[in-house]
Amino acid sequence: MRITKILERTGLCAACLWPAAAFSQTADTGDTAWLLTSTALVLFMTLPGLALFYGGLVRVQSVLSVLMQCFSIACVMSVIWVVCGYSLAFSDPMINGLLGGLSKAFLMGVGFDSVSGTIPETVFVMFQMTFAIITPALIVGAFAERMRFSAMLLFTGIWLVVVYIPVAHWIWGGGWLAAMGFRDFAGGAVVHVTAGVAALVAALVMGGRQGFPTTPMPPHNLTMTVAGACMLWVGWFGFNAGSAVAADGAAGMAMLVTHISAAVASLTWMAAEWIKYGKPSVLGIVTGMVAGLATITPASGYVGPIGALVIGLAAGSGCFFATQFMKRKLGIDDSLDVFPVHGVGGMIGLLLTAVFSAANFGGVGFDDGVSMASQLGVQVVGILATFVWCAIASFVILKLVNLVVPLRVSSDEETEGLDLILHEERGYTL
């Protein structure tokens, strides 16, 4: 089985093939080159990809605030990752199965010659840092146009340490879910479920934007959004194929199925919208693309093209109806649809990983003694654990931050726009 061979060759831990404590003497130049490229691609997803994607979706008076949030998150999360994030996620456990220790705080012991698996440990640190950057940045879409900048910095910084890092350790750092055989190749739970659930909690705690849902709030610049979406699509190859931690057939298949799912989900969302509203929209097709990419993420190292086709179809249809249900039926103002796209998509992908990992469907197969049903059970446990921990922790963090600084701006300030109120700048000048 391909995954088993990778594990044997690199000494990487289960689930997403991240190194636990195994070190080889020399790095493989091909693997290193691919991981360096993948790292740049994943950072490119946030800066400028996600920033432009979100920036175009908000109203004109708050475009700079979204760009500023994404940029500042990249800076803050980078520092936290160096200080303690990497160590707590990937070093020897301090709390067995739940959290790593502080033996690599401030990247102690990570030097020019440190090798992790078949790549320099510096490259692995940086690659994982880009995941820690984009995950809290995704949450920005839930509270766009109404959260104070200072509150956003406090919330995302604490959230990274309390939510993202423990879940990353559970699944990628040799924690309890990895020991169970939970499959999340590139971040269905670690990235998309955590970001989606935090977004849902933030939307509920903060309430909707002024005028929601009666006042139309169309995107101010779809050209910007499409440009950002294209960058996300390209960058996602580093996200998923880079998670093979090698330049080999596993990376190639991950790239292939990522592209297939994105294409199918885009067409599915477009078709659903066309049938429901009579016209296909640019916003619809790019949102479907993101749904397809988020949904294939956990499965990308385990499934083949057949699985990718079905996952893309499920992503486009499932996330489309989840978006409609949240906004129109539940009246929840998750401004840029983070939970129905990333949260729901991540959960769909994690469940379908258990199905399409089967060799009969072109997947890598299951571990010895594991059936499709038992793997599905493990996936459900992982989803529930991630959902519950993230929901509770996110709620508590938001309430604590609100005690220090109000979470949202006043109604008058929201109407004026966050660009002028918080930053004294405008995105556009006449």
Is E145 paired with R209 through a side-chain N to carboxylate O contact shorter than 4.0 Å?
yes
Exercise: do E273 and S281 side chains pair donor with acceptor under 3.5 Å:
yes
Run the numbers on F182 and L350 for side-chain contact (heavy atoms from CB on, under 4.5 Å), then give the verdict.
CA-CA 9 Å; F182 183 71; L350 286 164; 3.7 Å; yes
Under 3.5 Å, is there a donor-acceptor pair linking the side chains of Y86 and E121?
yes
Could you list the residues that satisfy ring-ring contact (aromatic ring centres under 6.0 Å, His included) with F361, not counting sequence neighbours?
F356
Contacts of Y54 meeting ring-ring contact (aromatic ring centres under 6.0 Å, His included) (sequence neighbours excluded), chain-then-number -> none
For D419 and S62, test the side chains for any donor-to-acceptor distance below 3.5 angstrom and give the result as yes or no.
no
Look at the rings of W159 and F155 and say which category their plane angle falls in: under 30° parallel, 30 to 60° tilted, over 60° perpendicular.
tilted
How many angstroms lie between CG in N402 and CE in M206, if you round to the nearest 0.5 Å?
8.5 Å
Taking the six-membered ring for Trp, are F320 and Y277 parallel (under 30°), tilted (30 to 60°) or perpendicular (over 60°)?
perpendicular
Ignoring hydrogens and geometry, is there a side-chain-to-backbone donor-acceptor pair from H169 to A89 under 3.5 Å?
yes
For the residue pair D334 and K327, what are the closest heavy atoms and their distance?
O-NZ, 2.8 Å
For the ring pair H259 and W236, is the centre-to-centre distance below 6.0 Å?
no
Does any N or O in the side chain of T295 come within less than 3.5 Å of the main-chain N or O of G346, such that one atom is a donor and the other an acceptor?
no
Verify the distance criterion only: is there a donor paired with an acceptor across the side chains of S411 and E414 at less than 3.5 Å?
no
Which heavy-atom pair separates T135 from V190 by the least distance, and what is that distance?
CG2-O, 4.0 Å
Over all heavy atoms of both residues, which pair between S38 and G238 is shortest? Give the atoms and the distance, please.
CB-O, 3.7 Å
Could you measure the distance from the CG atom of L52 to the CE atom of M231? Nearest 0.5 Å is fine.
5.0 Å
Keeping the roles fixed (side chain from S335, backbone from A142), state whether a donor-acceptor pair exists under 3.5 Å.
yes
Charged N-O contact under 4.0 Å between R146 and E413:
no
Pairing donors with acceptors under 3.5 angstrom, does anything connect the side chains of T323 and R328?
no
Single hit among F131, F124, W172 for ring pair (Phe, Tyr, Trp, His ring centres under 6.0 Å) with F90
F124
Name all residues meeting the ring-ring contact (aromatic ring centres under 6.0 Å, His included) criterion together with F149; count only those two or more places apart in sequence or in a different chain, and write none if there are none.
H423
Is a side-chain N or O of T225 found less than 3.5 angstrom from the main chain of F53, in a donor-acceptor match?
yes
Using only atom types and a distance under 3.5 Å, with no angle test, would you say the side chain of D337 pairs donor to acceptor with the backbone of V341?
no
